[in-house]
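Data block below; observations after.
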Amino acid sequence: MFGKTGMRVLIIGAGTGGLCLAHGLKKAGVDVALFERDRTPRSMLIGYRVGISPDGSKALHTCLPPDVFKEFVRTTARPATRINMRTEKYKELFVGEFGHNPDDTRSEKSVSRIAMRTALLNGLDDVVRFDKTFTHFSRNDDGSVTAFFDDGTSETGDVLVGADGAQSRVRRQYLPHAKIADTGITTIAGKLPLTPEHVKLLPPKADGGVTLLYGPKGAFVIVHVMRFDGEGVEDDYIMWGYAASHDKFPDMKGMTQEQLKQVVLDMTPKFHPNLRELFRLADPETVFEIKVRTSEPLEAWESSNVTLIGDSVHLMTPGRGIGANTALRDAELLTRKLTEAHHGKDVVQAISEYEQEMVKYGFEAVLASREQMDGNGVIHKPVIGRVVLAFLRTFLRVTNAVPALKRRMLTQDAALRDHVNSDHEVVHAG
Ligand SMILES: Cc1cc2nc3c(=O)[nH]c(=O)nc-3n(C[C@H](O)[C@H](O)[C@H](O)COP(=O)(O)OP(=O)(O)OC[C@H]3O[C@@H](n4cnc5c(N)ncnc54)[C@H](O)[C@@H]3O)c2cc1C
């Protein structure tokens with residue numbers, strides 16, 4: 001069925017999912033080639049923080065060779081061990097400790113995108129090719145598929161996997177009916193170095209936690225403190241992200257990064273002065289704006305030897321912090337299914353089994369993430385929004401005060417991030 005060397009898999013995109021899949025297939029003895037449009041490994045978008053969940057850790061542990069997994073763990077930042085919810089004036093709403101699982105193969109981890117990519121590129125020199133922008137594919141009479149690149153070259157394989165993210169060209173050609181929706185939310189994010197002076201400006205309990213601040217009119221701020229213990233990984237930093245519905249922002253077309261930062265300051269005059277100082281102190285070069293988008297539910301399609309993983313098929317808002325983890329889960333599952341095909345299973349059957357499972361959990365994650373970030377939600381509306389915010393704050397304060405409710409909320413959140421272990425233990429909810 002396949003050529004002399006067995007099945008050949010072509011992957012488009014060296015992001016979170018593509019790199020994990022390439023490792024998994026290589027480890028299983030499958031001939032794999034990965035094509036990335038970036039010119040060099042480090043010429044990628046700003047290194048924002050990604051939280052790796054137990055699902056993500058497990059997928060990476062399964063797919064990566066042990067030395068690469070060890071290097072990946074070494075490059076992670078100190079993990080967050082608490083969820084810290086406050087008002088925009090730093091008043092406590094809910095603080096829950098979820099502790100740290102010492103088992104690296106199923107723990108929560110904080111990583112920088114760039115550090116993660118660097119670690120995951122180890123051991124793939126013979127697999128990854130940079131400066132290769134995929135343009136389209138064609139199917140051949142012998143059942144193989146050919147990928148074409150904008151430098152005029154092409155590559156042929158038995159399977160083509162689109163791991164090319166939100167703007168996926170593989171998806172656009174393969175599933176032209178797939179729709180991406182605007183959530184109505186804009187975010188502006190920035191970074192500043194973690195100095196002793198800057199630490200003093202943080203909300204209480206932010207160091208060592210994931211901090212979420214709920215302001216009026218649906219405005220929302222996330223703060224991460226990144227401390228790297230591994231030598232030479234990255235300098236420690238604080239990262240913040242400000243989100244609100246589009247209509248609250250001015251026209252930002254053509255604005256410089258410094259101007260984007262000023263927009264956040266102009267929109268938050270009554271926020272805690274220390275938080276505004278963190279906004280002001282962000283290094284302008286790190287400031288970026290994103291219009292948050294999400295996949296619409298997708299109708300079933302007939303499987304073939306072309307498939308998709310990660311954001312290319314189920315783009316989700318960062319509201320639950322599970323986009324990268326779902327991409328990693330896809331990579332683990334597809335590795336398993338394609339390995340079965342490598343050992344004789346029908347390849348389209350193997351891909352169909354992958355797609356049935358992936359579409360189910362992938363779109364559940366899309367919906368859960370959208371609930372957290374929806375610019376049309378009532379919290380963003382003028383009058384009713386105030387009522388909803390008051391209700392949300394009261395709910396969080398009450399949950400914070402009642403240990404059984406607190407434990408339940410932490411357990412529910414953990415369940416979305418860990419699909420393997422039924423014992424979603426919360427180390428201590430105090
Ligand atoms: C602000 C923000 C915060 C987030 N925080 C979290 C978090 O805490 N936890 C979490 O789980 N997720 C988080 N996410 C989501 C997460 O980053 C993505 O879901 C994840 O990276 C998707 O992985 P992927 O492999 O599908 O795509 P990507 O990692 O985006 O990789 C796609 C790759 O394909 C390449 N490519 C694109 N087009 C082509 C082409 N034509 N030819 C060749 N190569 C191409 C790109 O250059 C890129 O390298 C966050 C997202 C945002 C925006």
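Basis for what follows: all heavy atoms, side chains included, without hydrogens, waters or symmetry-related copies. Indexing begins at 1, ligand by ligand and atom by atom, following the structure's order.
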Go through ligand 1 atom by atom and flag the ones less than 4.0 Å from a non-hydrogen atom of [X].
{"X": "Ala327", "result": "23 (O)"}
{"X": "Ile290", "result": "53 (C)"}
{"X": "Asp311", "result": "18 (C), 19 (O), 20 (C), 22 (C), 26 (O)"}
{"X": "Asn325", "result": "10 (C), 11 (O)"}
{"X": "Thr133", "result": "41 (N), 42 (N)"}
{"X": "Gly17", "result": "25 (O)"}

Should the pair Phe279 and Phe271 be assigned to parallel (<30°), tilted (30 to 60°) or perpendicular (>60°) ring geometry?
-> tilted
Return the orientation label for the Phe69 and His61 ring planes: parallel under 30°, perpendicular over 60°, tilted otherwise.
-> perpendicular
Any idea which part of [X] is under 4.0 Å from ligand 1, heavy-atom wise: side chain, backbone, both or neither?
{"X": "Thr16", "result": "both"}
{"X": "Ile12", "result": "side chain"}
{"X": "Arg117", "result": "side chain"}
{"X": "Leu315", "result": "neither"}
{"X": "Asp38", "result": "side chain"}

Sort out for me which residue in Arg82, Lys406, Lys205 forms a side chain to side chain donor-acceptor pair (under 3.5 Å) with Glu97.
-> Arg82
Judging by distance only, is a nitrogen or oxygen of [X] under 3.5 angstrom from one on ligand 1?
{"X": "Gly321", "answer": "yes"}
{"X": "Ala324", "answer": "yes"}
{"X": "Gly323", "answer": "yes"}
{"X": "Phe134", "answer": "yes"}
{"X": "Arg113", "answer": "yes"}
{"X": "Phe288", "answer": "no"}
{"X": "Arg169", "answer": "no"}

Distance-only side-chain donor-acceptor flag, Thr211 / Asn84, under 3.5 Å = yes
For the residue pair Ser57 and Lys109, confirm or rule out a side-chain donor-acceptor distance under 3.5 Å.
->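 Present: a donor and an acceptor within the cut-off.
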More than 12 heavy atoms of other residues, nucleotides or ligands under 6.0 Å from NZ of Lys179: is that the case?
-> no
Would one find more than 12 heavy atoms of other residues, nucleotides or ligands at under 6.0 Å from atom CG of Asp235?
-> no
Taking 4.0 angstrom as the limit, do Asp126 and Lys26 come out as a salt bridge?
-> yes
Ring centres under 6.0 angstrom apart (Phe35, Phe149) | yes
Over all heavy atoms of both residues, which pair between Ile322 and Ser369 is shortest? Give the atoms and the distance, please.
->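 Result for this residue pair: CG1-OG, 3.8 Å.
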Say whether Arg49 and ligand 1 are in contact under the criterion: heavy-atom distance to a ligand atom below 4.0 Å.
->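 Yes; Arg49 lies near enough to ligand 1 that a heavy-atom distance drops under 4.0 Å.
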Is Lys191 close enough and on-axis enough to Tyr237, meaning under 6.0 Å and within 45°, for cation-pi?
->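 Yes.
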